[in-house]
There are 2 protein chains.
Amino acid sequence: MSVYVHGIGMTQFGKLESRTLKDLLLDASIEALHDAGNPRVDAVFVGNFMGGSIYNQEILGAIIANDLGLGYIPTAKVEGACASGGIAIRQAILGIMSGEYETVLVAGVEKMKHVSTSEVTKAINAAMDNDSNEKHAGLTFPGFFGVLANRYIYETEATKEHLAMVALKNRKNALNNPLAQFKKATSMEEIMAARMITEPLGLFDCSPTTDGASAIVLSKKKSDIHVLASAQASGPTQMQDAVELLSIPAVGESGRIAYEKAGLGPKDIDVVEIHDCFSMTEILSSEELGFFAKREGYLAVEQGKTKPNGEVPINTSGGLLSKGHPIGATGISQIYQIVLQLRGKAPNQVDGARIGLAQNLGGTGSYSTVHILERV
Amino acid sequence: MSVYVHGIGMTQFGKLESRTLKDLLLDASIEALHDAGNPRVDAVFVGNFMGGSIYNQEILGAIIANDLGLGYIPTAKVEGACASGGIAIRQAILGIMSGEYETVLVAGVEKMKHVSTSEVTKAINAAMDNDSNEKHAGLTFPGFFGVLANRYIYETEATKEHLAMVALKNRKNALNNPLAQFKKATSMEEIMAARMITEPLGLFDCSPTTDGASAIVLSKKKSDIHVLASAQASGPTQMQDAVELLSIPAVGESGRIAYEKAGLGPKDIDVVEIHDCFSMTEILSSEELGFFAKREGYLAVEQGKTKPNGEVPINTSGGLLSKGHPIGATGISQIYQIVLQLRGKAPNQVDGARIGLAQNLGGTGSYSTVHILERV
């Protein structure tokens with residue numbers, strides 16, 4: 001497809017008290033536009049999840065277009081739970097492919113650190129199907145992925161140590177990423193001994209709440225970063241609808257479509273960002289995307305294959321677990337890291353990385369996007 | 001453009017206590033899919049504004065796809081304040097034009113009647129720029145459009161009676177629309193004497209809060225209803241940024257682009273739905289869309305030109321003022337009425353209507369979409 005990346009921007013991820021939702025969105029957008037050489041922009045898409053519910057602020061698309069003086073261009077916010085950023089990127093790509101837009105700005109933002117844990121938990125639970133039994137049963141996101149982790153440990157030889165290895169790898173990667181939320185070194189011992197959130201997932205197995213924004217400029221004009229494929233799929237919105245607990249069909253399906261569009265397979269990918277909302281999710285999705293056989297993802301972790309110098313470097317940014325997870329910004333920040341890798345300027349640079357893949361998950365498997373990028 | 005309407009659906013608008021947000025969305029979607037002959041659907045877009053903030057329910061795209069058994073297809077929610085429905089339709093059109101999708105379901109929903117007026121007012125105010133002075137000054141939507149109405153009355157010979165004429169016309173139209181929220185006849189006297197909301201806008205000059213859903217099936221396959229144009233523009237998000245108080249540039253710009261794409265002008269349009277969130281807004285937007293000269297829209301109302309048998313029939317559905325305004329559903333329900341008109345089966349049918357236009361506004365002028373449809 002004739003879509004190229006022209007610019008990227010990202011704020012610090014973490015607790016950013018002095019910046020509003022709008023400030024963060026503008027910070028990342030201005031950086032991405034500058035990186036792109038400040039082109040004329042034909043449309044803006046924003047990825048955001050809880051601006052309305054905890055910040056009482058919607059119309060972020062129009063706010064950016066207006067505040068940046070981009071003219072009276074079409075803009076919209078896109079929501080698909082934690083995949084809002086990836087889906088916003090996809091809408092920009094469809095808009096360019098339709099011929100309506102030449103150059104599009106996509107920006108994602110979330111501000112989650114200024115409200116209580118119970119408020120943010122309630123807001124996050126809007127990403128579950130609340131007409132269902134799950135709400136009344138009190139299921140939460142850590143609860144959902146905790147069930148999957150227990151099942152994985154039951155069906156395989158995996159142990160809680162394998163989950164900890166994912167958390168440790170991503171923390172180590174974050175130590176080299178100046179924009180990551182967590183930059184304090186840790187150890188297997190600390191991770192294993194950490195406060196339990198939901199058995200078997202401890203504190204380090206769960207992504208944090210985060211303030212932050214990220215942005216990207218896409219265009220049909222050529223650049224050195226080519227979008228080879230954009231794919232999206234949906235999946236069951238409730239655990240009771242899952243055909244198999246250890247399958248996330250939205251991830252598998254979006255991966256399958258992306259590989260088909262790109263004319264590539266998992267072996268052709270040099271560097272990967274996977275939506276590791278929980279340590280368990282990184283392992284399951286690495287299997288769904290075909291990097292490892294089903295029920296063998298934990299072995300790849302044990303063998304170091306997913307480290308920056310391994311066969312399949314996953315989450316060189318630090319991932320959601322340690323880079324942070326400002327919901328609407330997450331999918332766009334994954335592309336930010338992949339672009340840095342393809343430019344040869346990433347934290348935890350993978351030597352000679354030429355093709356990268358980013359996978360963004362929404363809900364308990366309700367949404368997944370996969371984008372494959374190539375340095376040309 | 002090669003995009004056609006294949007099916008439409010709409011629930012009753014009003015206070016619908018027994019139906020959840022999901023129920024309403026499914027009701028309208030099932031009707032639209034049935035009307036379209038239950039085709040294979042390649043994607044779903046949902047228009048919704050306050051599902052997260054007052055109903056704690058997002059991921060509506062995946063919920064529909066899942067509950068209707070549409071398969072693991074791409075879905076997303078689209079937000080652009082009160083233009084969320086129109087913008088969702090536009091994303092479907094771009095998706096079809098891009099070649100990625102053949103047939104797309106678009107559904108819009110809002111449920112606003114089960115919470116207090118103060119809660120719904122707070123949620124609606126998320127459609128204003130809350131980092132600005134306007135929040136601290138206590139500006140609300142009736143306040144904003146009240147300022148415009150005062151200015152209009154100051155600059156022209158218009159009076160409060162002209163606003164009342166819009167409200168009365170739309171109420172009369174709603175009497176024939178079985179799905180409209182208000183079906184009680186009224187009179188100029190009652191409207192003029194009604195409780196003041198914000199000078200000079202009385203109760204009948206303001207659109208109500210509403211529960212309801214609407215849906216549409218679009219496809220690149222031919223049907224008897226052709227989408228001639230889809231246009232979108234943005235505008236200032238704050239009153240202080242307005243170049244001129246009595247101009248809503250997003251409406252004018254989206255209209256100009258739509259006419260250009262369709263190769264038509266205002267005189268070619270047989271029937272119109274305008275976003276009459278307030279009586280004043282219908283008059284201003286009828287001018288912005290070129291149906292009447294600037295500052296003369298009120299005269300057209302006085303002369304009966306906007307009645308169903310007039311030169312430019314506006315809001316034959318009853319409009320937002322009397323059909324109701326379930327935010328995310330509104331833009332799609334406008335297309336519902338235009339399609340009924342082009343099929344010759346509408347409430348307040350306009351004889352021989354062949355070309356129709358629907359205009360959907362978001363925020364205080366932050367977003368506007370215009371769609372032009374033709375019976376072929």
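The chains referred to below are lettered A, B, ... by the order of the sequence lines, with proteins before strands, and numbering in each begins at 1.
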Quiz prompt | chain B contact via A:A76 - which portion, at a heavy-atom distance below 4.5 Å | solution = both
Practice problem: Check each atom of A:A123 against the heavy atoms of chain B and say whether the ones under 4.5 Å are side chain, backbone, both or neither. | Solution: backbone
Quiz item: So, for A:S366 and B:I59, which heavy atoms are closest and what is the spacing to 0.1 Å?
Solution: OG-CD1, 3.9 Å
Quiz item: Do you know the tightest heavy-atom contact between B:L60 and A:Y367?
Solution: N-OH, 4.0 Å
Quiz item: What part of A:I257 gets closer than 4.5 Å to chain B, counting heavy atoms only: side chain, backbone, both or neither?
Solution: neither
Quiz item: Does a sphere of radius 6.0 Å around CD in A:E244 hold more than 12 heavy atoms from other residues, nucleotides or ligands, not counting ones at 6.0 Å or beyond?
Solution: yes
Quiz item: Between B:F49 and chain A, which part of the residue has a heavy atom less than 4.5 Å away: side chain, backbone, both or neither?
Solution: both
Quiz item: More than 12 non-hydrogen atoms from neighbouring residues, nucleotides or ligands closer than 6.0 Å to CD on A:E17, yes or no?
Solution: no
Quiz item: Which answer fits A:S254, side chain, backbone, both or neither, if we ask what part of it has an atom under 4.5 Å from a heavy atom of chain B?
Solution: neither
Self-check item: B:M1 portion near chain A, given a 4.5 angstrom heavy-atom threshold
Solution: neither
Quiz item: In terms of side-chain heavy atoms, does B:N66 have a donor or acceptor partner in A:D241 at a distance below 3.5 Å?
Solution: yes
Quiz item: Does some side-chain heavy atom of B:K261 sit less than 4.5 Å from a side-chain heavy atom of A:E100?
Solution: yes
Practice problem: Please state whether the side chain, the backbone, both or neither of B:A250 comes within less than 4.5 Å of a heavy atom of chain A. | Solution: neither
Practice problem: Could you pull out the closest heavy-atom pair between A:G52 and B:S53, with the gap in Å? | Solution: O-CB, 3.8 Å
Self-check item: Interface residue of largest heavy-atom contact number with chain A, from B:Q238, B:R90, B:M50, under 4.5 Å
Solution: B:R90
Practice problem: Please tell me if the side chains of B:L94 and A:M97 come closer than 4.5 Å, counting only heavy atoms from C-beta onward. | Solution: no
Practice problem: For chain B, find which of A:S230, A:A127, A:G362 contributes the most heavy-atom pairs closer than 4.5 angstrom. | Solution: A:A127
Quiz prompt | For the student: nearest non-hydrogen atoms of A:S234 and B:A65, plus distance | solution = OG-CB, 4.2 Å
Quiz item: Measuring heavy-atom distances to chain B, does A:N48 have an atom under 4.5 Å in its side chain, in its backbone, in both, or in neither?
Solution: neither
Practice problem: Using the side chain to side chain donor-acceptor pair (under 3.5 Å) rule, pick out the option among A:T237, A:D131, A:N130, A:D129 that qualifies with B:K22. | Solution: A:D129
Quiz item: Can you say whether B:I63 sits under 4.5 Å from chain A via the side chain, the backbone, both, or neither, judging by heavy atoms?
Solution: both
Practice problem: Report yes if the side chains of A:F45 and B:Q91 come closer than 4.5 Å at any heavy-atom pair, otherwise no. | Solution: yes
Quiz item: Taking the side chain as C-beta and beyond, is there a heavy-atom pair between B:P236 and A:Y72 under 4.5 Å?
Solution: yes
Quiz item: Hey, does A:K77 have a side-chain heavy atom less than 4.5 Å from the side chain of B:V78?
Solution: no
Practice problem: Among A:G80, A:A233, A:G99, single out the residue with the greatest number of heavy-atom pairs under 4.5 Å to chain B. | Solution: A:A233
Quiz prompt | Spatial distance of atom OG1 (A:T75) from atom CD (B:E79) [nearest 0.5 Å] | solution = 9.0 Å
Quiz item: Does the A:Q57 side chain pair with the main chain of B:M128, one donor and one acceptor, at a distance under 3.5 Å?
Solution: yes
